[in-house]
There are 2 protein chains.
Amino acid sequence: MKKGEQVTIHDIAKALGIDSSTVSRALNNSTRVSKTTKQKILDKATELGYQRNTLASNLRTNKTNTIGVIVPRISRNFFSSVISGIEETAQKAGYNVIICQSFEDFEKEQKLMETLLSNRVDGVLISISMQTETFDHLMPYLNHGGPIVFYDRPCYIENCSSISVDDYKASFMATEHLIENGCKNIVHFSGPQINPLYKNRKRGYVDALKKHGLNFNENYCLESKLSENDGIVFAKEIIKMGHIDGIYSSNDTAAIAAIQYLKSKGVNIPKDIAVVGFNNDPISSVIEPSLTTINQPDFEMGKTAASLLIQQIQDTSFKKTSKVLDVELIVRQSSQHKKV
Amino acid sequence: MKKGEQVTIHDIAKALGIDSSTVSRALNNSTRVSKTTKQKILDKATELGYQRNTLASNLRTNKTNTIGVIVPRISRNFFSSVISGIEETAQKAGYNVIICQSFEDFEKEQKLMETLLSNRVDGVLISISMQTETFDHLMPYLNHGGPIVFYDRPCYIENCSSISVDDYKASFMATEHLIENGCKNIVHFSGPQINPLYKNRKRGYVDALKKHGLNFNENYCLESKLSENDGIVFAKEIIKMGHIDGIYSSNDTAAIAAIQYLKSKGVNIPKDIAVVGFNNDPISSVIEPSLTTINQPDFEMGKTAASLLIQQIQDTSFKKTSKVLDVELIVRQSSQHKKV
DNA sequence: TTTAAAAATACAATCGATTGTATTTTTAAA
DNA sequence: TTTAAAAATACAATCGATTGTATTTTTAAA
């Protein structure tokens, strides 16, 4: 940005022979400026091509009207839908949104928090990375009085709102669905147990087994970061195990990778092994057999998260709340095992 | 952000009984401050939990070390890969990245440009929306001296660098591939012709037909925004047309939607109709039959775009350039028509 | 020990907008 | 026409950091 070309309120003031404070008030549509003057100022502003310097304004008013969003990866469908929800709500309330990717990396997440604090965003929405095990990097921001709301991946920090999905129930439903379809030896693809989200999903899986008199085998719970490659690795293990007839995966990515690998090895899905995923990625309806999965209200989660955060920004006495949204089991072909 | 909690360089200065200018210089590691003083200042800074106020700094130095990225939709795989490339290069050069979605909406794009100008980002990377037909909304930013680099969707504005893919060649290859596989009546799914990108793709399609002595039928060129729904609408038209044996789609989304619809109507892909897409979305390798498509160097495009922009930011005499990256035809099952 | 040069630090203005207070102008009642 | 109240505008300080210039302190040569 070339310096010489910046038009400021002082230029407008000088051009009209008035004070810059009046210009400022006019541009903010204050009642303290007469209509005639206001019009003159507005006209001159467009004439000179004035554009408010938000940096200066933000510095003075001590707020940025900006919320920062930390997301593990924007490329995942679930997250990009959440972001759309956030943007919609934020825009309506007059807030800008800065989107940052942590790439599931703790150090990157730390740096992003620093940048957001340094840029004095009014609030932060964060879905913590899978690597994150401590929360010290959030404290400077919280100590400066900045509100944080957790979405998708809950995180129990005092005074922070969070919004998530009923992972336990979803998992229970998914596992029970496999059992009802005749599966007896169900493997679970799980994520890092440090995260309550994956813990809850595991609990749901275990409890569903228990309810139906199937005993839980710790070896059947395969933990990873649920990447495509993890799905393939797990599929290989499953073939080695030999007698597995069901897979409940904590995300679609790993489930789909596993299905493709198993199919390539001549395993019939769902006749030999039934599969249920999690997320309802677009790809899940395209793969053959189409994948039974859990649909989350992603867009709504984004809207709710943004709305909780904005309430906290605007009303510091706002009581912190935790919201849990409901999910839906989408039954497709991959789970039609051997229905009696 | 609560006001009372802000620690400034003045607090550090007061605590140490020195001047704030010295504190500022120390924090910026200037040679004008002695090692002992520097250490004292750094220690006090961490003790007080000081975090630089970037707003103030940016206002004073008249740069933000931030580049703005306008992208039609982050959820599209191609764009999220481009963004990853941008972030990597930007981070290495010490720039922050603000990601904004236009959702292919012109008005939204206008607003985003205003916000970016207002926030005085040092440069802008933009892939213009499909709705965009005029470029007046870019002028205020350009007039303020801010550099803009176009990526993916070229846009010929004086003094602006751009980086794109050889769409003509890609299209020619794709169409020729269908012809070589025995297709005689090839439909082209095209995008808005206002955009050179889709124009070039159409040209490639037309020229490939010509080269192989097939005559070009304007009715075979179906124009839309290439959404999922557009793909279905086109598929219906194709069934009506009756004698189509090949589809070359300007993106995978429409191609895949069309394949699914055609399959549901009993059309055999690729025996009855062969299909080639564009983008190499992850879904293209999962659908059955797997989709022959064009792979673009998305990550590299992001890196190159960021690097071009940063060069322009740092060296105003930098000569504007247009780069064209090469593409690759990924042959899969959907195009195996009736190879002789 | 004196003194000039170099190093370190302080002073003061500035970036562009906002805002509490003071002053001037306008309005309307007396 | 006078005058008090209201409206409009100007003045001046401020947000937090940076930076050119001035001053002080330190270093090292004479």
Side-chain angles (χ1 to χ4, degrees), chain A residues 1-42 44-45 48-65 117-122 144-145, chain B residues 1-42 44-45 48-65 117-122 144-145:
Chain A
M1 197 83 46
K2 268 181 251 150
K3 195 180 165 182
E5 324 236 2
Q6 299 235 20
V7 179
T8 72
I9 53 170
H10 304 288
D11 298 320
I12 298 174
K14 203 176 289 172
L16 295 172
I18 57 178
D19 192 81
S20 58
S21 62
T22 304
V23 175
S24 171
R25 288 195 168 93
L27 293 171
N28 287 310
N29 204 21
S30 157
T31 51
R32 278 175 60 175
V33 182
S34 69
K35 269 184 198 153
T36 8
T37 316
K38 232 178 237 181
Q39 196 52 55
K40 270 195 280 180
I41 291 171
L42 256 42
K44 185 59 79 178
L48 299 178
Y50 171 79
Q51 286 287 138
R52 168 193 265 112
N53 186 322
T54 307
L55 300 173
S57 174
N58 290 348
L59 173 62
R60 184 62 231 267
T61 58
N62 204 33
K63 57 184 171 154
T64 54
N65 289 309
L117 168 51
S118 193
N119 280 286
R120 300 293 191 269
V121 295
D122 292 341
H144 273 74
Chain B
M1 196 85 42
K2 267 182 251 150
K3 197 181 163 180
E5 325 234 2
Q6 298 235 21
V7 179
T8 72
I9 53 171
H10 303 288
D11 298 320
I12 299 175
K14 203 176 287 174
L16 295 172
I18 59 178
D19 192 82
S20 58
S21 62
T22 304
V23 176
S24 171
R25 287 198 168 91
L27 293 171
N28 287 310
N29 205 21
S30 156
T31 50
R32 280 173 61 174
V33 182
S34 70
K35 269 183 198 154
T36 8
T37 316
K38 233 179 237 181
Q39 196 53 55
K40 269 195 282 181
I41 290 171
L42 256 42
K44 187 56 80 177
L48 298 179
Y50 171 79
Q51 286 287 139
R52 168 193 265 114
N53 185 323
T54 307
L55 299 173
S57 175
N58 290 348
L59 173 62
R60 184 62 231 267
T61 57
N62 204 33
K63 57 184 172 155
T64 54
N65 289 309
L117 167 51
S118 191
N119 280 286
R120 301 293 192 267
V121 295
D122 292 342
H144 274 73

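In what follows, chains are A, B, ... by sequence order, proteins preceding strands, each numbered from 1. In this text the structure is predicted, and so the values were computed from the model without any measurement.
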Undergrad: For A:Asn58, answer base if it contacts any base atom (sugar-phosphate contacts may also be present), sugar-phosphate if it contacts only those atoms, and nothing otherwise; contact means non-hydrogen atoms under 4.0 Å.
TA: nothing
Undergrad: Separation of B:Lys63 atom NZ from C:dT14 atom P, in whole Å?
TA: 21 Å
Undergrad: Let's test your reading of the model: under 3.5 Å, does the base of D:dC11 pair with the side chain of A:Ser21 as donor and acceptor?
TA: yes
Undergrad: Nearest-nucleotide wise, let me know which of B:Tyr50 and A:Val33 is further upstream toward the 5' end of DNA chain D.
TA: A:Val33
Undergrad: To the closest 0.5 Å, what do you measure between CZ (B:Arg25) and OG (B:Ser20)?
TA: 10.0 Å
Undergrad: Using a heavy-atom distance cut-off of less than 4.0 Å, which residues of residues 12-19 of chain B contact DNA chain D?
TA: none
Undergrad: Could you check whether any side-chain N or O of B:Asp11 sits under 3.5 Å from a backbone N or O of B:Thr8, counting only pairs where one atom can act as donor and the other as acceptor?
TA: yes
Undergrad: Checking A:Arg52 now: which residues fulfil side-chain hydrogen bond (donor to acceptor under 3.5 Å, both in side chains) with it, not counting sequence neighbours?
TA: A:Asn28
Undergrad: Identify all pairs in which a protein N or O lies below 3.5 Å from an N or O of nucleotides 21-29 of chain D, and state each distance.
TA:
{"unit_1": "D:dT21", "atom_1": "O4", "unit_2": "B:Arg32", "atom_2": "NH2", "d": "2.3"}

Undergrad: Measure the distance from CZ on B:Arg52 to P on D:dC15 and round it to the nearest whole Å.
TA: 19 Å
Undergrad: Between P on D:dA7 and NZ on A:Lys35, what's the gap in Å once rounded to a whole number?
TA: 13 Å
Undergrad: Could you tell me how far apart A:Lys38 (NZ) and D:dT9 (C1') are, to the nearest whole angstrom?
TA: 13 Å
Undergrad: For B:Lys40, give me all partners under salt bridge (charged side-chain N to carboxylate O under 4.0 Å, His left out), at least two apart in sequence or on another chain.
TA: none
Undergrad: Drop me the distance from A:Leu42's CG to A:Ile12's CD1, to the nearest 0.5 angstrom.
TA: 8.5 Å
Undergrad: For A:Lys38, what residues pass the salt bridge (charged side-chain N to carboxylate O under 4.0 Å, His left out) criterion, not counting sequence neighbours?
TA: none
Undergrad: Side chains of A:Thr37 and A:Ile41: closer than 4.5 Å at any heavy-atom pair?
TA: yes
Undergrad: Of the options C:dC15, D:dA17, C:dA8, whose atoms approach the side-chain atoms of B:Ser34 most closely?
TA: C:dA8
Undergrad: To the closest 0.5 Å, what do you measure between CG (B:Asn119) and OG1 (A:Thr54)?
TA: 4.5 Å
Undergrad: Indicate yes or no: at least one non-hydrogen side-chain atom of B:His144 is less than 4.5 angstrom from one of B:Leu117.
TA: yes
Undergrad: Side-chain N or O of B:Thr31 less than 4.0 angstrom from OP1 or OP2 on C:dA7?
TA: no
Undergrad: So, does B:Thr22 get its side chain near the phosphate of C:dA10, meaning an N or O under 4.0 Å from OP1 or OP2?
TA: yes
Undergrad: If pairs are Watson-Crick or G-U with both distances under 3.5 Å, what is the dot-bracket string of DNA chain D, marking crossing pairs with [ ] and pairs to another strand with |?
TA: ||||||||||||||||||||||||||||||
Undergrad: Does the side chain of A:Arg120 reach to within under 4.5 Å of the side chain of A:Lys63, using non-hydrogen atoms?
TA: no
Undergrad: How is A:Thr37 classified with respect to the nucleic acid when contacts are heavy atoms under 4.0 Å: base, sugar-phosphate, or nothing?
TA: sugar-phosphate
Undergrad: Specify the separation, in whole Å, of atom CG of A:Leu55 and atom P of D:dT14.
TA: 22 Å
Undergrad: D:dC15 P sits how many Å from A:Leu59 CG, rounded?
TA: 9 Å
Undergrad: Write down the distance between CG (B:Asn53) and C1' (D:dT14), rounded to a whole number of angstrom.
TA: 13 Å
Undergrad: Of all the choices, C:dG16, C:dT19, D:dA17, which nucleotide is nearest to the side chain of A:His10 once you look at every atom?
TA: C:dG16
Undergrad: Let me confirm one number: the CG-CD1 distance from B:Leu48 to B:Ile9, rounded to the nearest 0.5 Å.
TA: 13.0 Å
Undergrad: Look at the side-chain N and O atoms of A:Ser57 and state whether any lies under 4.0 Å from the OP1 or OP2 oxygen of C:dG16.
TA: no
Undergrad: Between A:Gln6 and B:Asn62, does the side chain to side chain contact (heavy atoms under 4.5 Å, CB included) criterion hold? Intermediate values first, please.
TA: CA-CA 10 Å; A:Gln6 299 235 20; B:Asn62 204 33; 2.8 Å; yes
Undergrad: Would you confirm whether B:Ser57, through its side chain, and B:Asn53, through its main-chain N or O, come within 3.5 Å as a donor-acceptor pair?
TA: no
Undergrad: At under 4.0 Å between heavy atoms, what does A:Thr8 touch on the DNA or RNA strands: base, sugar-phosphate, or nothing?
TA: sugar-phosphate
Undergrad: To the nearest angstrom, how far is A:Leu27 atom CG from C:dT19 atom C1'?
TA: 15 Å
